[in-house]
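Structure first, commentary second.
All values derive from a computational prediction rather than experimental measurement.
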Amino acid sequence: MRFATWNVNSVKARLPRLVDWLADTSPDVVCLQETKVAEDAFPAKEVAELGYDTAAYGQGRWNGVAVLSRIGLDDVRRGFPGQPGFPDQEARAISARCGGIRFMSVYVPNGRTPEDPHYIYKLEWLAALRTALADDLAAGPLVVAGDYNVAPTDADVWDPAVFAGSTHVTPPERAALAAILEIGLHDVPARPLKGDRPFTYWDYRAGMFHQNKGMRIDLVYASTDVAARVTDAVVDREARKGKGPSDHAPIVVDLGD
DNA sequence: ATGACGTACGCAGTACGA
């Protein structure tokens, strides 16, 4: 089985690239984030032509997540029990069972700045996610993939000095990720196709991608049984190249039997 | 550098992102 996660930064704007990427990469399951469309506006017909069923959760202009699968898709859940809002619940998590594994696509709140109420929301959101995932883990194989908006270590940003005092690197955010792993999930490390670190995000501005000034903020967390099946995991930086890319690259994971 | 670039909304300029 091959699965992937990708923050597409608008599925409408990225549709031509998404379709080409699906055809070239041929994943069985895909977790998408920042689709930025309501559920009924998701291009489900276009991906169905490539054999994918869609489960989408959207609210229009902001956020939006989806799971695509060509190996079956059932028991769809939009959001998770106890998911905090800001103040209303946002479309930041969706899960479905595909090929015997529950896949959750997550788009963790950004946090904006450590002084902003959105930062507290981010921490509360991650704590509530941990609680919900403990129940999901007890129910069977689990993959939680997406844009966590946290760089787990200083090595996961191109220059820690640049991010001092910013969100994405603070100890409470990193502790929230560690707490999620403590319930029995495993960080699936992806290898970079170029450079020494598996960055998944590069700002559009100032030639950051060209200079490989990136961040590792998109992550794949997997239950023990799934993690043991991983044969390869890569950051597909090719998808970040060229005209009209997302600012995030996909992570592609291969599982053996 | 209150910057850059890109997206949505909507038709100018604002909000947001990490």
Side chains of [X] and [Y], donor plus acceptor under 3.5 Å:
X	Y	answer
A:W158	A:N212	no
A:N9	A:Y204	yes
A:E173	A:T167	no

Take atom CD of A:Q59 and atom P of B:dA8, then tell me their distance rounded to the nearest Å. 14 Å

Atom-pair distance (CZ on A:R17; C1' on B:dG6), nearest Å: 13 Å

Please determine if a side-chain N or O atom of A:S10 lies less than 4.0 Å away from the OP1 or OP2 oxygen of B:dA8. yes

Any donor-acceptor pair under 3.5 Å from A:K122 side chain to A:N110 backbone: yes

With no hydrogens and no angle check, is any side-chain donor or acceptor of A:R78 less than 3.5 Å from a backbone partner on A:S95? no

In whole Å, what separates the [atom1] atom of [N] from that of [M]?
N	M	atom1	answer
B:dT2	B:dG13	P	22 Å
B:dA1	B:dG6	P	23 Å
B:dA15	B:dA4	P	16 Å
B:dG17	B:dG3	C1'	15 Å
B:dG10	B:dT14	P	15 Å

Determine the contact category for A:R216: base if any of its heavy atoms lies under 4.0 Å from a base atom, sugar-phosphate if only primed atoms, P, OP1 or OP2 are that close, otherwise nothing. nothing

Any cation-pi pair here, A:R240 with A:F209, using under 6.0 Å and within 45°? yes

Once each nucleotide of nucleotides 9-18 of chain B is scored for protein heavy atoms under 4.0 Å, what B/S/- sequence comes out, 5' to 3'? B----BBSSB

